Q: 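Let me give you the structure first, and then I'll get to my questions.
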Amino acid sequence: MTTRVIIVDDQAMVRAGFAALLAAQSDIDVVGEAPDGAQGVDLSRRARPDIVLMDVRMPVMDGLDAARLLLDPPAGVTHRPRVIMLTTFDVDDYVYEALRAGASGFLLKDAPPADLIAAVRVVAAGEALLAPSVTRRLIAEFARQHSVGRGRPAQRLKDLTARETEVLTLVARGRSNQEIARNLVLAEQTVKTHVHRVLTKLGLRDRAQAVVFAYESGLVAPGE
């Protein structure tokens, strides 16, 4: 099955380079490019890609606002692509907010070409958060600047079983399913089932949102 991708970035050379790299893969089809968030949203509505590679900082409409429109579309719009944020910085408030909005992860623009290809494939498969070590630092940094462990997020933890809470804690610490399985002495398929139940019970889209939720609910403390 081919993964349909669009690239939204205000730098033409970045778009061209990413497009050439991804189009060379037999399982990835680049179906469009856009130079700003507003045009990216319009293009996504028309091309209906599986994944949008979205630059964080752009003129006209930045990547955060565009991601919000794609991930929480207005009534009558049913298409919701997965969004990978592209950033020059490994700690960026825009990226944190994008993860909260439902982006599936982020990728540094200077990452090796193989990482870009792997990122598209991983997110297309609905798999793990991208660049977990960097993402943990990013979320921890901004969790320090926000109120955590208060209100509704913390209350929602009560919906989880003890085992599901353990799994969520390890997901928030950037562990893969395989690592969680080893840590809890479980089959990897059992871990996948627990992760799915956690996402379903908490109304979260993917592991990226699960990590943000774990920090904001106080389940995992910054710097742990």
Side-chain angles (χ1 to χ4, degrees), residues 3-25 27-45 47-73 79-139 141-142 174 205-209 211-212:
T3 299
R4 294 166 55 82
V5 177
I6 67 171
I7 302 163
V8 184
D9 193 294
D10 62 330
Q11 294 180 301
M13 290 188 68
V14 170
R15 296 197 308 271
F18 282 9
L21 180 64
L22 294 174
Q25 312 306 309
D27 59 335
I28 299 174
D29 186 11
V30 178
V31 296
E33 303 173 23
D36 61 65
Q39 291 186 55
V41 171
D42 290 341
L43 175 60
S44 180
R45 300 276 194 257
R48 300 178 68 85
D50 301 301
I51 291 177
V52 177
L53 292 174
M54 181 79 73
D55 188 20
V56 170
R57 301 178 186 277
M58 292 180 289
V60 184
M61 178 186 290
D62 66 29
L64 176 58
D65 287 338
R68 284 172 173 155
L69 287 173
L70 293 177
L71 296 166
D72 187 19
H79 179 248
R80 289 181 62 195
R82 293 184 178 273
V83 176
I84 300 173
M85 305 303 297
L86 302 171
T87 180
T88 307
F89 310 102
D90 65 353
V91 175
D92 191 314
D93 200 4
Y94 279 79
V95 178
Y96 175 76
E97 292 300 330
L99 291 174
R100 293 187 68 192
S104 293
F106 74 97
L107 190 70
L108 298 180
K109 282 189 176 183
D110 60 357
D115 286 3
L116 173 64
I117 297 167
V120 169
R121 289 173 176 157
V122 164
V123 172
E127 293 292 336
L129 182 68
L130 301 176
S133 62
V134 178
T135 303
R136 287 201 308 276
R137 293 204 306 274
L138 181 148
I139 294 174
E141 176 66 25
F142 291 105
R205 185 175 185 185
D206 54 28
R207 293 170 82 105
Q209 285 196 312
V211 173
V212 173

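What you see is a predicted model; the values in this text were computed from it and never measured.
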Q: Can a donor-acceptor pair be found, under 3.5 Å and without considering hydrogens, that links the side chain of R4 to the backbone of D29?
A: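 A pair under 3.5 Å: no.
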
Q: For V56 versus M85, what's the shortest heavy-atom pair and its separation?
A: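 Scanning both residues completely, I find the closest heavy atoms to be CG2-CE, 4.0 Å.
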
Q: Decide yes or no for T3 and R121: does some side-chain heavy atom of the first lie under 4.5 Å from some side-chain heavy atom of the second?
A: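 Result no, sub-4.5 Å side-chain heavy-atom pair not found.
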
Q: Check L70 against M54 and note the closest heavy-atom contact, atom names and distance.
A: CD1-CE, 3.8 Å

Q: Taking the side chain as C-beta and beyond, is there a heavy-atom pair between I117 and L21 under 4.5 Å?
A: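 Yes - at least one pair of side-chain heavy atoms lies under 4.5 Å apart.
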
Q: Would you please name every residue forming a salt bridge (charged side-chain N to carboxylate O under 4.0 Å, His left out) with D65, sequence neighbours left out?
A: R68

Q: Rounded to the nearest 0.5 Å, what separation is found between the CZ atom of F18 and the CD atom of Q11?
A: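 Result: 9.5 Å between the selected atoms.
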
Q: Is there side-chain contact between L86 and V8, with at least one heavy-atom pair below 4.5 Å?
A: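 Answer no - side chains too far apart.
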
Q: Restricting to non-hydrogen atoms, name the atom on A119 and the atom on I84 that form the minimum distance, rounded to 0.1 Å.
A: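 The pair with the smallest heavy-atom distance is O-CD1, 3.8 Å.
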
Q: Measuring from L43:CG to E33:CD, what's the distance to the nearest 0.5 Å?
A: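 It comes to 9.0 Å.
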
Q: Would you name the heavy atoms of M58 and P35 that are closest together and state the gap between them?
A: SD-O, 4.1 Å

Q: Which atoms form the tightest heavy-atom contact between A38 and V60, and what is the distance?
A: CB-CG1, 4.0 Å

Q: Under a 3.5 Å threshold, yes or no: a donor from one side chain and an acceptor from the other, between D36 and Q39?
A: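 Side-chain D/A pair, D36 to Q39: present.
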
Q: Considering only NZ, NE, NH1 and NH2 on the basic side and carboxylate oxygens on the acidic side, decide whether K109 and D55 come within less than 4.0 Å.
A: yes

Q: Locate the shortest heavy-atom distance separating A103 from L71; write the atom from each residue and the value.
A: N-CD1, 3.3 Å

Q: Could you check if a side-chain atom of T87 sits within less than 4.5 angstrom of a side-chain atom of L108, using non-hydrogen atoms only?
A: yes

Q: So which of I51, V120, D50 actually passes side chain to side chain contact (heavy atoms under 4.5 Å, CB included) with I28?
A: V120

Q: For L53, which of V83, V123, D9, I7 qualifies under side chain to side chain contact (heavy atoms under 4.5 Å, CB included)?
A: I7

Q: Backbone N or O of P49 within a donor-acceptor pair of the H79 side chain at under 3.5 Å?
A: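 Confirmed, H79 side chain pairs with P49 backbone.
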
